[in-house]
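Whatever order the structure lists them in is the order used to number ligands and atoms, beginning at 1.
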Amino acid sequence: MPFELPPLPYDYAALEPHIDEQTMHLHHDKHHQTYVDKANAALAGTGWADSSPEQILHSLDKVPLDKRTAIRNHVGGVANHTFYWESMGPAKGGEPSGDLAAAIGQTFGSFDVFKQQFADVSVNHFGSGWGWLVHNGAKLELLSTVNQDSPLSLGMNPLLACDVWEHAYYLKYQNRRPDYVAAWWNVVDWGKVAERFAAGAPSA
Ligand code: MN3
């Protein structure tokens, strides 16, 4: 079954003033849609057309070599954007609680240190890409990826993603990526991040 563009889980204006309505329209309706269309084109006839984006990204080394770059970019774009929309919501922000908060404290020392390090990784990422909080199988880790590369292709479990492509912020923030990342904390859905952490945490 070809991929379809999932609807935004909230209104286009719901993340105002931190992420503006026009950016959300373009980002979701144009950019995400294009990744869906190009992913479907790349997957056609490969035998992977019935797999989920996550299954494909986890097994990138097994997809046909002549389609691998297109699949990496466009299936990555499909999965990463869905993940990004679901990482945010109106009236969110604040701090995580429970096991996730404990793990962040244990790994980074404090939530404030974590925030600073995540922002540094995202702001300082050169060119287009993503800032990530992942679970690497042993512990939490921060990383950035280029283009639409997914931590799933590195065998890691993504927990939180910040899109640092210019299309994610340029209309409102122009070249000020640090201002976008600073505002983005106000829409992070820590409940969703905690859900992913609980689902992916290694069994005791
Ligand atoms: Mn994007």
Side-chain angles (χ1 to χ4, degrees), residues 2-43 52-54 56-58 60 69-90 92-93 118-134 142-154 156-189 192-193 196:
F3 300 145
E4 288 180 13
L5 181 67
L8 265 190
Y10 33 76
D11 188 78
Y12 290 91
L15 306 183
E16 292 268 14
H18 311 294
I19 301 182
D20 62 288
E21 180 176 5
Q22 192 186 5
T23 293
M24 292 299 285
H25 267 293
L26 288 168
H27 202 172
H28 176 267
D29 300 357
K30 304 298 181 188
H31 290 279
H32 199 181
Q33 180 71 61
T34 299
Y35 288 117
V36 168
D37 295 343
K38 291 190 173 180
N40 287 332
L43 291 168
S52 71
E54 291 75 18
I56 295 167
L57 293 168
H58 196 74
L60 260 191
T69 299
I71 290 173
R72 176 180 188 155
N73 290 339
H74 300 301
V75 177
V78 171
N80 291 346
H81 285 91
T82 302
F83 189 91
Y84 174 68
W85 310 137
E86 291 176 349
S87 298
M88 303 186 289
K92 300 294 183 184
F118 186 103
D120 286 347
V121 163
S122 302
V123 168
N124 296 327
H125 175 80
F126 183 76
S128 295
W130 294 78
W132 299 93
L133 172 67
V134 303
L142 298 174
L143 57 102
S144 68
T145 60
V146 300
N147 301 325
Q148 296 296 349
D149 284 4
S150 167
L152 294 167
S153 305
L154 305 169
M156 295 181 176
N157 181 32
L159 303 177
L160 176 64
C162 184
D163 190 342
V164 295
W165 283 59
E166 285 185 345
H167 67 227
Y169 62 86
Y170 210 83
L171 285 179
K172 184 176 173 75
Y173 297 98
Q174 291 84 45
N175 58 315
R176 302 186 308 277
R177 190 189 286 183
D179 291 357
Y180 155 68
V181 174
W184 173 79
W185 291 116
N186 293 301
V187 296
V188 170
D189 184 348
K192 185 68 189 179
V193 181
R196 293 165 175 159

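Shown are H27, H31, H32; of these, the side chain to side chain donor-acceptor pair (under 3.5 Å) with H81 is made only by H27.
Around the CD atom of Q174, the shell of radius 6.0 Å holds more than 12 heavy atoms that belong to other residues, nucleotides or ligands. When the shell of 6.0 Å around NZ of K172 is examined, it contains more than 12 heavy atoms from other residues, nucleotides or ligands.
Look at H27 and the Mn ion (ligand 1): an N/O/S atom of the residue is under 2.8 Å from the metal. Not one N, O or S atom of H32 sits under 2.8 Å from the Mn ion (ligand 1).
In this structure, the side chains of D29 and Y12 come closer than 4.5 Å at one or more pairs of heavy atoms.
Within D163, the N, O or S atom at minimum distance from the Mn ion (ligand 1) carries the name OD2.
The NE2 atom of H81 and the NE2 atom of H167 meet at the Mn ion (ligand 1) at an angle of about 130°, given to 10°.
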